[in-house]
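Quick note on labels: first sequence line is chain A, next is B, and so on, each numbered from 1.
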Amino acid sequence: MSDEIILIDGNSVLYRAFFALPLLSNDSGVHTNAVFGFTNMLLKILEEKDPSHILVAFDAGKTTFRHETYKEYKGGRQKTPPELSEQFPIMREMLDALGIKHYELPQYEADDIIGTISKQADQDHKRTFIYSGDKDLLQLASDYVTVGLTRKGITEIDEYVPDQIKEKMGITTDQVIDLKALMGDKSDNIPGVPGVGEKTAVKLLNQFGTLENVYENVDEVSGKKLKEKLINHKEEAFMSQQLATINRKSPIDIKVNDLSYEGYQSRDVIELFKTYGFKSLMGRIEGSDEAVEREEITFEKVETFTKDIVSPEGNYLIMEMLEDNYHIGGLLGFALVNNQGHYYIPTDVALNSNDFISWIEDENSHKVVADVKRLKVALKWKGINLQGVDFDLVLASYIANPSISYHDLPSIGQGYGFNVASYDEEVYGKGAKQSIPEEEVFSEHIVRKGIVAQKLHHSLSDELKSNEQEDLFYQLEMPLSHILADMEYKGVQVDVDRLEDMQQDLSERLDKIEEEIYELADQSFNINSPKQLGKVLFEDLGLPVIKKTKTGYSTSADVLEKLQHEHEIIEKILLYRQLGKLQSTYIEGLLKVVHDDNHKIHTRFNQVLTQTGRLSSIDPNLQNIPIRLEEGRKIRQAFIPSKEDSVIFAADYSQIELRVLAHIANDEKLIAAFKEGKDIHTQTAMDVFNVNEDEVESLMRRHAKAVNFGIVYGISDYGLSQSLGITRKEAGKFIEKYFESYPGVKAYMDDIVQQAKRDGFVETIMNRRRYLPDITSRNFNKRSFAERTAMNTPIQGSAADIIKKAMIDVMEQLNQTDIRANLLLQVHDELIFEVNKEDIEQLEALVKDAMENTVDLDVPLLVEADYGTTWYDAK
DNA sequence: TCGAACACGC
DNA sequence: GACGTACGTGTTCGAT
């Protein structure tokens with residue numbers, strides 16, 4: 001235990017939590033989101049700080065001593081929403097269960113209680129942490145007292161000690177009160193000096209130190225208007241100062257010693273968590289395993305595998321491997337669960353058994369697994385061909401709820417109320433401390449996973465059925481998983497010599513540029529460090545500061561481009577960055593993951609990650625190999641066919657998202673444009689700018705393209721303004737004009753948001769869902785984001801569905817021919833193959849046909865294809 | 001070990 | 001009226 005004291009501003013945190021989280025309620029309709037958020041934060045504090053003393057202070061009642069000074073104090077505040085009010089008593093109940101003291105004092109606010117106790121603690125030199133969402137509390141920071149302010153959500157905390165306050169706000173702790181006295185605070189209805197905002201207030205305090213000094217030397221204040229304002233509102237300023245000052249001598253009847261924290265009774269907490277449906281917090285309660293009575297299990301260790309233990313019906317098969325990367329990981333063991341029993345099968349027993357292998361390869365023997373692709377690829381590396389899997393729980397979990405971040409069996413189980421298996425991290429540890437426990441513990445763990453799998457099967461298949469997602473699951477994701485497994489296992493051939501040549505060339509050029517940069521900067525420094533680079537550019541060379549990040553100067557490419565003409569060092573830095581990126585991420589990164597024996601790369605496609613239904617690719621990411629700039633594009637010359645007589649063949653959908661949009665929105669003009677085979681960006685420019693085709697200038701087309709891009713990716717007017725380098729207003733106008741030109745699109749956008757509000761989710765043409773709880777949030781940002789997501793996801797997600805279906809169609813048709821081709825990669829709207837030179841034309845015809853006709857939309861789908869001796873040449 | 005900043009693709 | 005804005009993966013730096 002640490003001997004730290006934790007003081008929490010209960011009102012502030014509960015408010016924050018309420019607005020930060022969607023309005024959850026438990027089964028009986030009581031709202032619990034704020035209590036959930038607060039409790040989550042408390043558990044985190046208890047876990048991380050392990051404090052000796054802890055107190056949650058609340059405001060008491062409506063009026064306080066401050067109202068005697070100023071009866072409008074906190075006037076004009078929105079009334080506390082009833083959904084929040086009802087959570088205060090629940091929160092107190094929760095605190096009692098957690099054994100955490102809470103306190104309130106009539107006529108005083110939580111701040112004052114905290115201020116008074118922290119003063120005692122400070123005098124006694126005791127480490128104290130204060131948590132609040134209210135910046136005012138910063139005035140309490142000292143050498144012993146740290147103030148933690150909630151950020152964004154509420155479990156993310158920014159901790160402030162006096163130095164950081166100085167750094168971030170430009171003033172000292174002692175000046176926090178005077179800052180507020182000058183600038184006021186709208187939310188508390190503290191007037192301050194009208195016309196003085198944060199900037200001016202900081203400037204004044206930096207010049208004069210204190211409010212009192214400002215007024216003593218008011219003649220020295222620069223600016224006639226400012227001086228007048230200060231003088232005219234002196235009274236308000238000093239009253240504001242009084243209001244903003246936390247009372248550190250409140251008549252409280254508790255002492256630090258009364259706040260000692262002795263832990264909680266797990267049973268009470270779990271009871272309460274159950275009542276309010278806080279399932280996801282359950283695992284963080286000490287001893288919750290016993291308390292929720294995780295069922296006892298029995299199982300048998302298989303010494304010799306025979307087919308009698310296989311059931312003719314469902315078999316739940318678990319394969320365990322510690323490594324994420326199943327291309328290189330080692331098998332640790334198997335578990336089999338079915339209606340006959342629970343079995344642990346050691347790896348050597350399994351792999352040395354012909355019965356086991358023939359069972360795995362028997363397509364008529366039904367198996368349910370978690371992550372079929374992982375299992376399939378791992379077994380392929382052992383020469384075993386997995387078949388007969390008719391349900392993948394991980395894929396099903398992703399379809400049912402794409403937003404959850406962990407689709408592993410114990411987590412999925414928790415979500416459906418099956419607390420049978422421990423999390424891997426609990427059994428194996430994590431990071432450097434990861435290890436495999438003794439066989440007894442290990443085998444029970446994986447058998448438990450099998451039992452969870454068995455329990456989950458029905459829940460998930462029911463859910464897919466009731467959501468009408470069975471086709472999406474059985475006809476799309478399941479078959480796709482097998483195709484991806486083959487792609488990953490076969491790998492992509494890499495020309496290692498070529499990469500090494502590039503590496504050599506690049507490192508020489510980088511050395512040279514590095515020297516030139518040092519020369520121009522008149523010093524050597526780490527160019528890769530934004531911090532050091534920022535100092536050199538903006539302090540030593542005195543270049544104008546365009547943008548700041550929260551830690552210092554921004555040195556991002558768009559900032560540097562604006563400085564191009566200021567100093568010749570800039571273009572060198574941009575080039576250094578560009579080449580450095582190629583060197584480290586692409587050349588060295590790829591060389592690191594090439595298999596030495598055959599010079600192949602085996603990526604992994606994550607099929608259960610993105611919220612839209614797209615795939616992602618890791619270790620390495622082969623979906624972001626450079627193409628835009630020639631220099632980077634050359635990397636693609638290192639991707640070659642695995643056989644001498646073959647070429648790389650690439651087929652990509654032209655404008656698939658915009659075509660999908662035309663279809664979904666049923667917009668006449670957009671549909672017509674695609675039917676007539678128009679260049680869509682030129683057409684958009686014509687419609688938006690009201691000009692003829694021959695009047696479309698390149699800038700107009702560029703703008704139109706950016707708007708189309710924005711529509712597809714769901715960016716805002718701000719995002720568009722950034723990408724075009726124009727103002728937000730202008731960007732807003734473009735979007736407005738776009739909607740006028742395409743009323744069908746506008747109607748769709750309005751409709752889909754309404755639909756999302758009504759249903760709580762949006763869906764793609766193949767019924768893939770994305771749930772959008774924030775669509776009704778009172779937080780403008782969250783709501784806006786959810787609205788843009790509602791508009792964008794059906795477009796991007798349907799496009800993802802289409803190419804996935806195309807992959808299945810292509811492979812099905814390909815398997816019925818003699819075409820010698822392998823599908824290698826999918827990059828969102830394109831498919832990359834390697835194909836025997838003699839079969840190129842056949843493949844092109846087949847692929848183009850399959851891709852263009854995989855679905856029937858109101859607009860044609862167009863596929864463009866090309867091939868060459870390397871990926872670079874297939875453009 | 002982790003977050004921030006940056007850069008690559010779609 | 002301010003908020004702070006597409007999604008992924010990977011690298012490097014620098015604080016912990």
Side-chain angles (χ1 to χ4, degrees), chain A residues 19 151-152 156 158-159 186-187 197-198 402 430-433 525-534 547-560 573-574 576-590 592-593 603-606 609-629 631-633 635-636 652-653 655-657 709-723 728 731 770 774 777-789 791-793 795-797 799-800 803 825-830:
Chain A
F19 290 108
R151 195 176 49 182
K152 280 188 196 167
E156 281 179 68
D158 285 329
E159 291 187 0
K186 225 174 165 187
S187 69
E198 185 173 346
K430 67 167 176 179
K433 282 179 281 182
F525 61 101
N526 186 342
I527 308 166
N528 282 322
S529 161
K531 194 174 161 188
Q532 294 182 34
L533 179 62
K547 197 164 76 179
K548 288 196 131 192
T549 65
K550 54 185 148 181
T551 50
Y553 309 109
S554 169
T555 64
S556 63
D558 60 316
V559 168
L560 295 187
I573 289 166
L574 284 166
Y576 184 88
R577 280 245 180 100
Q578 191 201 331
L579 301 184
K581 173 80 177 176
L582 292 180
Q583 183 76 305
S584 65
T585 303
Y586 295 105
I587 309 273
E588 284 164 3
L590 286 174
K592 246 185 266 175
V593 292
T603 185
R604 275 135 56 221
F605 291 102
N606 196 336
L609 185 129
T610 68
Q611 300 303 299
T612 53
R614 277 186 170 186
L615 301 175
S616 74
S617 156
I618 54 168
D619 273 354
N621 181 352
L622 292 182
Q623 293 182 318
N624 73 343
I625 304 300
I627 189 166
R628 241 184 60 245
L629 302 171
E631 198 83 49
R633 193 171 192 155
I635 301 282
R636 293 176 177 231
D652 69 293
Y653 278 113
Q655 304 296 351
I656 187 167
E657 276 104 349
F709 180 86
I711 298 283
V712 165
Y713 286 114
I715 62 173
S716 57
D717 53 356
Y718 177 85
L720 182 62
S721 74
Q722 289 297 300
S723 66
R728 221 176 91 180
R770 181 167 184 180
D774 286 348
S777 169
R778 274 147 300 214
N779 178 316
F780 175 84
N781 284 324
K782 291 193 165 180
R783 194 177 60 247
S784 306
F785 182 61
E787 287 170 358
R788 279 183 278 130
T789 308
M791 302 180 217
N792 161 253
T793 295
I795 303 172
Q796 218 192 99
I803 192 162
L825 297 173
Q826 187 251 48
V827 189
H828 307 311
D829 63 356
E830 67 176 325

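R783(A) comes within contact range of no nucleotide atom at all, as no heavy-atom separation falls under 4.0 Å. Backbone-only contact: G431(A) has heavy atoms under 4.0 Å from sugar-phosphate atoms and none from a base. Nucleic acid contact class of S617(A) (heavy atoms, under 4.0 Å, all strands): sugar-phosphate only. Using a 4.0 Å heavy-atom criterion, one finds that Q532(A) contacts the sugar-phosphate atoms exclusively. If you check every strand for non-hydrogen atoms under 4.0 Å, N792(A) touches nothing. Contact annotation for Q611(A): backbone-only contact, meaning every heavy-atom pair under 4.0 Å involves sugar-phosphate atoms and none involves a base.
Taking 3.5 Å as the limit, the base of dT11(C) and the side chain of S584(A) contain no donor-acceptor pair of atoms between them.
For R728(A) and dG1(C), the CZ to C1' distance is 11 Å, given to the nearest whole Å. Between L579(A) atom CG and dT11(C) atom C1' there is a gap of 15 Å when expressed in whole angstrom units. As a whole-Å value, the separation of N779(A) CG from dA2(C) P is 16 Å. The distance between atom OH of Y576(A) and atom P of dT12(C), rounded to the nearest whole Å, is 10 Å. Note: CG (D717(A)) to P (dT5(C)) measures 14 Å, nearest angstrom. Here dT5(C) presents its C1' atom at 15 Å from CD1 of I711(A), a figure rounded to the nearest Å. Atom CD1 of I635(A) is separated from atom C1' of dG10(C) by 14 Å (rounded to the nearest Å). Remark: C1' of dT11(C) and CG of D619(A) are 13 Å apart, rounded to the nearest angstrom.
For the pair N781(A) and F785(A), nearest-nucleotide mapping onto DNA chain C gives the more 5' position to N781(A).
Contact between the side-chain N/O atoms of K782(A) and the OP1/OP2 oxygens of dT5(C) is not found at any separation under 4.0 Å. Listed pair S616(A) / dT9(C) meets the phosphate criterion, a side-chain N or O lying under 4.0 Å from OP1 or OP2. Of the side-chain N and O atoms in T789(A), none sit less than 4.0 angstrom from OP1 or OP2 of dA6(C).
When all heavy atoms of L615(A) and H828(A) are compared, the pair lying nearest together is O-CE1, 3.3 Å. R577(A) approaches A557(A) most closely through the heavy-atom pair NH1-N, 4.3 Å.
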Problem - Under the 3.5 Å Watson-Crick or G-U criterion, the dot-bracket string of DNA chain C, with | for inter-strand pairs - result: ......|||||||||.

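Put simply, CG on D774(A) and OG1 on T789(A) are 8.5 Å apart, with the number rounded to the nearest 0.5 Å.
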Handout entry: Contact state string [nucleotides 5-10 of chain B, B base, S sugar-phosphate only, - no protein heavy atom under 4.0 Å]
Key = SSBBSB

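Considering only side-chain atoms of K592(A), the nucleotide from dA15(C), dT11(C), dT9(C) that sits closest is dT11(C).
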